[in-house]
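Here is the structure we will look at.
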2 protein chains.
Amino acid sequence: MGASKSTITIADVAKAAGVSTSAVSYALNGKKGVSEKTRAKVLSVAESMGWRPNSAAKSLSDSRTRSIGVVLLMHDTDEFASGNYNMECLAGLSSVLESVDYSITLRMTTGGASAACRIHRDWIESGRVDAHMVLGVEFDDPRLDLFRSHPNVPVLFLAQEQTTRGLPTLYSTDADGARTVVRHLHELGHTHIARVAGPEQYMHTLIRDSATMDECAKLGMRCDCLHGEYSREDGARLTIMFLGFADRPTAIVYDGDSQALGGLDAVQNRGLAVPDDISLISWDDSAACRSSVPPLTALHRDVRSIGKKAGRLLLAMIDGETVGAVPEDPYTLEVRGSTARPAGSAEPVGSAGSEDSAILPGA
Amino acid sequence: MGASKSTITIADVAKAAGVSTSAVSYALNGKKGVSEKTRAKVLSVAESMGWRPNSAAKSLSDSRTRSIGVVLLMHDTDEFASGNYNMECLAGLSSVLESVDYSITLRMTTGGASAACRIHRDWIESGRVDAHMVLGVEFDDPRLDLFRSHPNVPVLFLAQEQTTRGLPTLYSTDADGARTVVRHLHELGHTHIARVAGPEQYMHTLIRDSATMDECAKLGMRCDCLHGEYSREDGARLTIMFLGFADRPTAIVYDGDSQALGGLDAVQNRGLAVPDDISLISWDDSAACRSSVPPLTALHRDVRSIGKKAGRLLLAMIDGETVGAVPEDPYTLEVRGSTARPAGSAEPVGSAGSEDSAILPGA
DNA sequence: CTGAAAGCGCTTACAG
DNA sequence: CTGAAAGCGCTTACAG
């Protein structure tokens with residue numbers, strides 16, 4: 001027979017153990033105030049009765065829900081791009097929360113930032129969660145104002161620090177990533193590269209744009225840049241435009257793996273060889289980048305570990321610590337078979353070769 | 001100045017409105033027991049004070065957490081396959097819960113079914129959630145026993161009914177799907193087909209296997225079957241084996257889109273044309289199936305709507321209704337450019353052509 | 001229709 | 001060290 005009768009409370013345990021409920025509470029929570037003998041007695045009785053703390057009661061009395069709230073924005077367009085990112089990020093977060101018995105309170109919406117904002121506001125006002133994590137921040141996002149006006153509510157943004165100024169933020173090091181890519185191509189001897197960028201409505205697109213331009217300028221390189229959606233189609237389309245230039249770039253950098261895969265197809269369908277005729281690099285790494293022919297050199301970041309870091313920061317904030325702007329772990333460049341010296345070039349400038357799959361630290 | 005001072009309670013509202021807390025409670029919850037005048041007064045006062053119900057207190061007193069628990073199994077192998085499925089499913093679930101102010105309590109684990117089982121048990125014992133949703137059930141899954149021994153706990157399995165016998169289950173109609181595929185090929189005139197199946201450790205693989213065999217037998221068709229992982233590599237590898245057969249099948253059905261894409265590559269790399277030399281069908285539809293050349297005929301199901309249906313069933317169970325085994329919406333066959341009459345065959349048997357992208361109801 | 005009161009299950013000062 | 005008691009914020013019989 002199981003313990004499925006009715007819920008057993010601390011009072012039941014107290015009665016069975018012949019002590020007061022406060023003694024039971026102290027014993028169960030490992031607090032001082034009970035003798036070791038009593039504590040042992042209580043623990044064994046509670047154990048044998050199958051007692052388990054009622055989460056609602058606990059939340060009410062210590063005003064901790066043991067959950068952190070996250071609302072995901074669903075764009076019905078992208079089938080995996082952000083889906084995978086969110087999934088991995090949640091997995092990392094969950095793994096950290098697990099150890100302290102916290103859960104994720106999840107909500108998904110197709111209503112964009114304003115719908116998400118409404119949910120967060122609701123959670124704040126009802127004390128539904130102990131902390132909030134917000135992703136997918138947009139320009140003029142109402143969630144920024146919401147949390148600015150509730151400075152005591154623990155929240156962590158996963159966004160560019162430029163957009164969340166002043167709010168606790170775990171930011172990606174996109175500028176450093178862009179420079180890493182440019183330097184890699186520079187060391188291989190490229191002097192004219194192109195960038196197939198993501199939509200201009202994202203802050204990170206702008207940041208990558210300007211860091212790329214800046215680094216190229218420093219190194220005396222030319223860089224052309226076109227923007228498009230994160231799709232194979234746009235990757236191919238923009239690649240074809242670049243290939244049509246009278247003065248053709250010798251390397252193309254893509255902001256997303258779908259774009260890069262589309263670009264690879266386009267290049268090869270035109271009878272050009274990668275990396276002999278042209279080098280390709282993908283921002284965002286994925287299994288598809290690894291299994292393409294040739295495998296794509298890609299800027300890689302461990303999204304799950306980002307989720308973990310976010311979890312640690314959130315727990316710290318719940319414990320009263322103050323968090324400012326914290327950088328994610330740097331990107332790493334996974335050098336694979338899609339980058340090489342430009343055709344007809346002299347020896348590479350630096351010492352980096354493209355023979356082996358090596359890992360360069362970002363930044 | 002906001003309402004961020006200290007939390008305002010029902011007692012504050014009662015005092016401000018000059019009534020008792022019970023009157024406030026009745027008024028706020030739309031229950032009878034207060035005059036319309038009092039109700040209006042209370043509502044406006046509560047509104048102006050910015051009162052919001054405290055979720056923990058509410059949970060404690062009516063023993064409803066307003067959340068349903070789901071724990072996701074993370075296999076660090078598959079990057080998107082199940083990731084997308086889970087994401088879409090959660091999105092559907094979330095959209096249904098939203099309207100009744102329920103949230104998802106989420107946990108992710110890499111510890112497999114047993115780790116998931118521990119979490120569910122914990123939730124049951126602590127009253128952490130009002131209902132449970134379980135996915136990714138395995139053979140001899142401990143979660144089956146857990147919920148069998150807690151018949152009063154609302155739970156819904158998303159699994160094959162064969163494995164959850166007796167437990168509330170939303171099951172996929174894989175057998176019907178398999179038959180739909182076979183009939184489509186039969187109508188086109190195929191008499192010898194092959195099946196690149198998923199791993200034999202999944203119940204749905206076995207179900208698809210046997211339904212395929214059965215339907216083929218009925219229609220006098222021959223079917224060869226090989227099993228492999230859900231990967232492009234295995235899709236290509238098994239396809240090549242089939243192509244090497246002295247008596248080559250004229251159509252191949254893949255259990256997953258990755259396999260199908262890998263198979264498509266393999267076929268084309270060998271100089272064969274799809275669908276002229278061989279027809280290909282993918283179980284599981286995706287953007288990649290739509291953008292391949294030619295686009296793949298695929299068995300499609302709307303995962304988000306599955307999530308919605310699951311949500312509705314779960315809410316019904318929370319309200320005391322009994323749920324048994326319920327079928328998902330049937331698969332639909334999206335006929336695209338990868339299926340056609342076998343080379344050198346006469347007119348198709350049935351009336352189905354492969355010219356246009358039509359939708360056939362599954363089953 | 002309305003108010004006073006007990007209860008949900010746990011925590012935490014406060015006196016012995 | 002230990003017990004009796006109040007409190008967390010809300011709901012719901014129970015008497016007026």
Side-chain angles (χ1 to χ4, degrees), chain A residues 3 5-43 45-46 49-66 101 122-130, chain B residues 3 5-43 45-46 49-66 101 122-130:
Chain A
K5 189 62 189 161
S6 70
T7 159
I8 85 130
T9 77
I10 214 181
D12 300 323
V13 175
K15 183 182 298 175
V19 296
S20 69
T21 59
S22 47
V24 172
S25 179
Y26 291 138
L28 258 13
N29 292 303
K31 298 198 172 177
K32 54 193 317 183
V34 280
S35 62
E36 274 319 308
K37 183 166 162 259
T38 304
R39 183 187 304 277
K41 170 80 174 174
V42 168
L43 289 179
V45 171
M49 295 179 75
W51 173 87
R52 302 256 39 210
N54 174 280
S55 87
K58 201 154 192 154
S59 291
L60 181 56
S61 81
D62 62 16
S63 46
R64 278 219 181 184
T65 62
R66 305 200 87 76
D101 196 37
D122 209 80
W123 282 346
I124 292 175
E125 296 175 335
S126 62
R128 183 70 179 66
V129 299
D130 293 347
Chain B
K5 188 62 190 160
S6 70
T7 159
I8 86 134
T9 78
I10 214 180
D12 300 324
V13 175
K15 183 182 299 174
V19 297
S20 70
T21 60
S22 47
V24 173
S25 178
Y26 291 138
L28 258 14
N29 291 303
K31 298 200 171 174
K32 53 193 315 183
V34 280
S35 61
E36 273 319 307
K37 186 169 159 255
T38 304
R39 182 187 306 276
K41 170 81 173 175
V42 168
L43 288 179
V45 170
M49 294 180 77
W51 173 88
R52 301 255 43 207
N54 174 281
S55 86
K58 200 153 192 156
S59 291
L60 179 57
S61 80
D62 61 15
S63 46
R64 278 218 180 183
T65 62
R66 306 198 87 75
D101 196 36
D122 209 80
W123 281 346
I124 292 174
E125 296 176 335
S126 63
R128 184 69 179 69
V129 300
D130 294 346

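Chain naming here is simple, since letters A, B, ... match the order of the sequence lines and numbering starts at 1 in each. Just so it is clear, the values below take in all heavy atoms, side chains as well, and ignore hydrogens, waters and symmetry mates.
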Ignoring hydrogens, what is the shortest heavy-atom contact between [X] and [Y]? Give both atom names and the distance.
X: Arg66(B); Y: Arg128(A); answer: O-NH2, 3.9 Å
X: Thr65(A); Y: Ser59(A); answer: CA-OG, 3.5 Å
X: Ala17(A); Y: Lys41(A); answer: O-CE, 3.8 Å
X: Ser126(B); Y: Pro53(A); answer: CB-O, 3.3 Å
X: Asp12(A); Y: Ile8(A); answer: OD2-CA, 3.3 Å

Indicate whether OP1 or OP2 belonging to [N] is found under 4.0 Å from a side-chain N or O atom of [X].
X: Ser35(B); N: dC1(C); value: no
X: Ser61(A); N: dT11(C); value: no
X: Trp51(A); N: dC10(C); value: yes
X: Asn29(B); N: dT11(D); value: yes
X: Lys58(A); N: dG9(C); value: no
X: Lys31(B); N: dT11(D); value: no
X: Ser20(B); N: dA4(C); value: no
X: Thr9(A); N: dG9(C); value: no

Whole angstrom is fine here: how far is it from [atom1] in [X] over to [atom2] in [N]?
X: Asn54(B); N: dT11(D); atom1: CG; atom2: P; value: 10 Å
X: Ile8(A); N: dC10(C); atom1: CD1; atom2: P; value: 8 Å
X: Lys37(A); N: dT2(D); atom1: NZ; atom2: C1'; value: 12 Å
X: Ile10(B); N: dC8(D); atom1: CD1; atom2: C1'; value: 13 Å
X: Leu60(B); N: dC10(D); atom1: CG; atom2: C1'; value: 8 Å
X: Arg64(B); N: dG9(D); atom1: CZ; atom2: P; value: 23 Å
X: Glu36(A); N: dT2(D); atom1: CD; atom2: P; value: 10 Å
X: Tyr26(B); N: dT11(D); atom1: OH; atom2: C1'; value: 8 Å

Please determine which of Thr21(B), Val42(B), Asn54(B) meets the side chain to side chain contact (heavy atoms under 4.5 Å, CB included) test together with Ile10(B). Thr21(B)
Picking from dG3(D), dG3(C), dC10(D), the nucleotide nearest the side-chain atoms of Ala57(B) would be dC10(D)
Identify which nucleotide among dA5(D), dG9(D), dT12(D) has an atom closest to any side-chain atom of Ser22(A), counting heavy atoms from C-beta outward.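 Closest of the options to the side chain of Ser22(A): dA5(D).
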Closest nucleotide of DNA chain D for Thr21(A) versus for Thr38(A): which of these residues is on the 5' side? Thr38(A)
Between Asp62(B) and Lys32(B), name the one whose nearest nucleotide on DNA chain C is closer to the 5' end.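 Here Lys32(B) is the residue nearer the 5' end.
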Tell me what Arg52(A) touches on the nucleic acid: a base, only sugar-phosphate, or nothing, going by heavy atoms under 4.0 Å.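 The residue Arg52(A) makes sugar-phosphate contact but no base contact.
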Which nucleotide, if any, forms a Watson-Crick or G-U wobble pair with dA15(C), using both distances under 3.5 Å?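 Across any shown strand, dA15(C) pairs with dT2(D).
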